[in-house]
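Convention: sequence-line order gives letters A, B, ...; per-chain numbering from 1. No hydrogens, no waters, no symmetry mates; every other heavy atom, side chains included, goes into these values.
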Number of protein chains: 2
Amino acid sequence: MLATDPLDGIAVFAAVVEAESFSGAARRLKYSKGAVSTQIQRLEDRLGVRLLNRTTRKLSLTDEGRAFYAHSRRILDEAREAMDALDALDAEPRGVLRVNAPMSFGVLHLGAAIAEFMQAHPAIEVELDLNDRRVDLIEDGYDMAIRIARLPDSSLIARRLAPCRRVVVASPNYWDRHGRPQHPNDLKDHDVMTYAYLDDPGTWTFKGPDGRISVPVKGRLRANNGEVLLDAAKRGIGVDMAPTFFCCDALINGELEIALADFEDDPISVYAVYPHRRHLTTRVRAFVDFLAARFGEDPYWDAWAGSSN
Amino acid sequence: MLATDPLDGIAVFAAVVEAESFSGAARRLKYSKGAVSTQIQRLEDRLGVRLLNRTTRKLSLTDEGRAFYAHSRRILDEAREAMDALDALDAEPRGVLRVNAPMSFGVLHLGAAIAEFMQAHPAIEVELDLNDRRVDLIEDGYDMAIRIARLPDSSLIARRLAPCRRVVVASPNYWDRHGRPQHPNDLKDHDVMTYAYLDDPGTWTFKGPDGRISVPVKGRLRANNGEVLLDAAKRGIGVDMAPTFFCCDALINGELEIALADFEDDPISVYAVYPHRRHLTTRVRAFVDFLAARFGEDPYWDAWAGSSN
DNA sequence: CTCCATTGTTCAAAATAATGAACAATATAT
DNA sequence: ATATATTGTTCATTATTTTGAACAATGGAG
């Protein structure tokens, strides 16, 4: 590109500001450090202004740089929207769909779904990132994410894909040895395993005939990984509260058995969430529609229960 | 620039759309045709979409191209604002000031003004385009223009720089031969020269003790150039209505003599006009301020009249 | 219909930009 | 204090882009 292009160097400059470093920007853009350096110098020459104060170890924006960055950010956002607008014109989804999802749900239910979706749409490529950390959709460049929560994140567009029932389970052997609780309060005599990612891991909530019940629970195993807890439950270590999408197989084959079914709390939800943009790309819309149809209000993983609720 | 820059090719694409031609865009950008061609191809490849239908002789936008152009235009406008924002931060005006002005006013009064302005501001470069055609400020890339009119163009920001009085003049010799008119109606017996750029060249307006008077005028010389008319008036060909900034020298040295002074209409105005942008560059602000101070409500070219009005 | 000027594309040669290792500078850890 | 790792810049080499002329395609003028 000729040096007279008014957009030249803006993307590199914004990357430097956001990475707060030339080297960081180079890594993010897959450039060389040298190229970033000359790119910024050229931009500064063209504008006749110093944008960045750089001492070998510390980087800071000048006043001019701060003003120019605000515009640069807007320019790049507009460019992203321009591409989204094109994607939104496609009848058939195309391109790369970048999805973030919780590890357990992804492994158990997204794999098959994605395979089927890709078969239906040959021009789609998928990049699936399974991760239980809370990611920043926009910052990290995802098109969308699957979130399991009580209420959707209001800063994002959310589409409910399925209910997520959670049930109290232990192995039949465990129940035989310790007795089957008839009321949530009976859990005080049990060894209850807790999941560290919850807001309040030490409290379980139920819904009885007289309304919601909260009971404190405790036990010998606390983990931030559902699979570990479920595995321990199967081995008779204790009682687990698990989403049905997660324990349905074990329920069917008898490794686990539900207790306190009459006290099951209202389900939380599986959501698809994506940033609020002017244009929703065809690939995101198509995938979300596909998942909503595939899971739905009566998801296949709750089939063991006979019918819904 | 690496091919992953999301802004790559956008400026070239917009230029092609606006020039409605690859060759035209190449000329405007001072590129080669070939470079424009590859640039557009690369952009289309990157977006995976055809933006332009091109048959050797005719160019048209696809639906995708139209959508993408709207965004491209916004991106480039934002880039221009980014540069203006930097200029607006300067205390001292810098860079190139592109000015459009009417030929006659420019030659007589802008030359000296610009010279003085440049002396006061060493970092300023000026590109002066004298032209009596109506130019499109934004389209043609001017920072500002000087306009002489009754009312400012409301689509632009206008700053009144000076009044522009217009007086009826002829050579003393002419007046001696044909008699000095005492009332606008007397002009019907005179050979009146008319200026083709006016809305209604065949009607002159005056303001008498009883309000505004319009009289039809006609004569043997009609021209679209004020200098030709003024020259003819000096040679005794007929009567001219001329702006005082234009005929002041001839009035002082006696080549021309005013008639109907008591019927002089309200002055029109000399305006500085510039596009409405978020940031006014320091160079435009400084130049407009400078001109307003230099000309003002009592411009030096009306000094022959003693005092104002 | 036949020129004719001009369009967009193509391709070898020339100009420009990116790479990647070497370098001096500087915070942090020991 | 000293060592260390990482920063931003520089420079010769490599890779990419631009140029400019040749070319086929096309719409208008006579």
Side-chain angles (χ1 to χ4, degrees), chain A residues 1-66 68-69 72 79, chain B residues 1-66 68-69 72 79:
Chain A
M1 178 68 57
L2 219 112
T4 52
D5 189 329
L7 304 177
D8 215 29
I10 287 181
V12 174
F13 171 67
V16 168
V17 174
E18 282 155 22
E20 295 176 282
S21 134
F22 280 46
S23 309
R27 278 190 296 270
R28 189 175 132 187
L29 297 172
K30 285 166 186 167
Y31 257 47
S32 63
K33 289 191 297 176
V36 172
S37 186
T38 36
Q39 204 70 233
I40 296 294
Q41 276 179 351
R42 268 233 310 268
L43 181 63
E44 289 182 329
D45 286 351
R46 184 158 62 74
L47 299 174
V49 158
R50 189 155 199 82
L51 297 170
L52 294 157
N53 292 317
R54 27 203 195 278
T55 73
T56 330
R57 199 70 183 173
K58 195 117 190 173
L59 207 64
S60 70
L61 281 165
T62 62
D63 288 346
E64 289 85 359
R66 206 179 329 281
F68 195 74
Y69 171 70
S72 301
Chain B
M1 177 70 54
L2 221 111
T4 53
D5 188 329
L7 303 177
D8 215 29
I10 286 181
V12 175
F13 171 67
V16 168
V17 173
E18 282 156 22
E20 294 176 282
S21 135
F22 280 46
S23 308
R27 279 189 295 269
R28 190 175 131 187
L29 298 171
K30 285 166 184 165
Y31 257 45
S32 64
K33 288 191 296 176
V36 172
S37 187
T38 29
Q39 204 70 230
I40 296 293
Q41 276 179 351
R42 266 232 313 267
L43 181 62
E44 288 182 330
D45 286 352
R46 182 158 64 75
L47 299 174
V49 158
R50 189 156 199 79
L51 297 170
L52 294 158
N53 292 317
R54 29 204 194 277
T55 72
T56 328
R57 198 71 181 174
K58 197 117 189 175
L59 207 65
S60 71
L61 281 165
T62 63
D63 288 347
E64 289 85 359
R66 209 180 325 282
F68 195 75
Y69 172 69
S72 302

- Message: Tell me the interatomic distance from B:Leu43, atom CG, to D:dT17, atom P, rounded to whole angstroms.
- Response: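 Rounded to the whole Å, the gap is 14 Å.
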- Query: Rounded to whole angstrom units, what separation is found between the CD1 atom of B:Ile40 and the P atom of C:dT7?
  - Reply: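 These atoms are roughly 16 Å apart.
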- Query: Ion pair present between A:Asp63 and A:Arg66, side-chain N to carboxylate O less than 4.0 angstrom?
  - Reply: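 Yes, charged N to carboxylate O under 4.0 Å.
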- Starting from C1' on C:dT7, measure out to CG on B:Leu52 and report it in whole angstrom.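 That distance rounds to 14 Å.
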- Message: If I take atom CG in residue B:Leu29 and atom C1' in nucleotide D:dT19, what distance separates them, rounded to the nearest angstrom?
- Response: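 The distance from CG of B:Leu29 to C1' of D:dT19 comes to 15 Å, rounded to the nearest Å.
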- Message: Test of understanding: with salt bridge (charged side-chain N to carboxylate O under 4.0 Å, His left out), list the residues that count as partners of B:Glu44, not counting sequence neighbours.
- Response: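 B:Glu44 satisfies salt bridge (charged side-chain N to carboxylate O under 4.0 Å, His left out) with B:Arg50, B:Arg54 once adjacent residues are dropped.
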- Using the C1' atoms of the five pairs at each end, what is the angle between the end axes of the helix from C:dC1-D:dG30 to C:dT30-D:dA1, to 10°?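 Answer for the end axes of this duplex: 30°.
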- Query: About how many Å separate CD1 of B:Ile10 and CG of B:Leu47, when rounded to the nearest 0.5 Å?
  - Reply: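 Output value for this atom pair is 8.0 Å.
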- Start with the C-alpha distance between A:Leu61 and A:Phe68, add both sets of side-chain angles, then the distance that settles side-chain contact (heavy atoms from CB on, under 4.5 Å), and finish with yes or no. CA-CA 10 Å; A:Leu61 281 165; A:Phe68 195 74; over 6 Å; no
- Message: Rounded to the nearest 0.5 Å, what separates atom CD in B:Glu18 from atom CZ in B:Phe13?
- Response: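 Here the interatomic distance stands at 9.5 Å.
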- Query: From A:Lys33 NZ over to A:Ser21 OG, what is the distance, rounded to the nearest 0.5 angstrom?
  - Reply: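 Answer rounded to 0.5 Å: 9.5 Å.
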- Message: Tell me if a side-chain donor or acceptor on A:Arg46 pairs with a main-chain N or O of A:Gly9 at a distance below 3.5 Å.
- Response: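 A pair under 3.5 Å: no.
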- Query: Given D:dT16, is OP1 or OP2 found less than 4.0 Å from the side-chain N or O atoms of B:Arg42?
  - Reply: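 For B:Arg42, the contact criterion (side-chain N or O under 4.0 Å from OP1 or OP2 of D:dT16) is not met.
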- Evaluation steps, side-chain contact (heavy atoms from CB on, under 4.5 Å), between A:Ile40 and A:Leu51: CA-CA 8 Å; A:Ile40 296 294; A:Leu51 297 170; 5.6 Å; no
- Message: Between P on C:dG20 and OH on A:Tyr31, what's the gap in Å once rounded to a whole number?
- Response: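 To the nearest whole Å, that distance equals 13 Å.
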Taking N or O atoms only and anything under 3.5 Å, show me the protein contacts with nucleotides 8-15 of chain C, one pair per line.
| residue | atom | partner | partner atom | Å |
| --- | --- | --- | --- | --- |
| C:dG8 | OP1 | B:Phe22 | N | 2.8 |
| C:dG8 | OP2 | B:Phe22 | N | 3.2 |
| C:dG8 | OP2 | B:Ser23 | N | 2.8 |
| C:dG8 | OP2 | B:Ser23 | OG | 2.8 |
| C:dG8 | N7 | B:Lys33 | NZ | 3.2 |
| C:dG8 | O6 | B:Lys33 | NZ | 3.0 |
| C:dT9 | OP1 | B:Arg54 | NE | 2.5 |
| C:dT9 | OP2 | B:Ser37 | OG | 2.7 |
| C:dT10 | OP2 | B:Gln41 | NE2 | 3.4 |

- Query: Roughly how far, to the nearest 0.5 Å, is the CG atom of A:Asp5 from the CD atom of B:Gln39?
  - Reply: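 Here the interatomic distance stands at 7.5 Å.
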- Between C1' of D:dT17 and CG of A:Asp5, the distance in whole Å: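 Going from A:Asp5 (CG) to D:dT17 (C1'), I get 14 Å.
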- Query: Between atom CZ in B:Arg27 and atom C1' in D:dG20, what is the gap in whole Å?
  - Reply: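 In whole Å, D:dG20 C1' and B:Arg27 CZ are 15 Å from each other.
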- Message: How many whole angstroms separate atom CZ of B:Arg46 from atom P of D:dT17?
- Response: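 Taking CZ of B:Arg46 and P of D:dT17, I get 12 Å after rounding.
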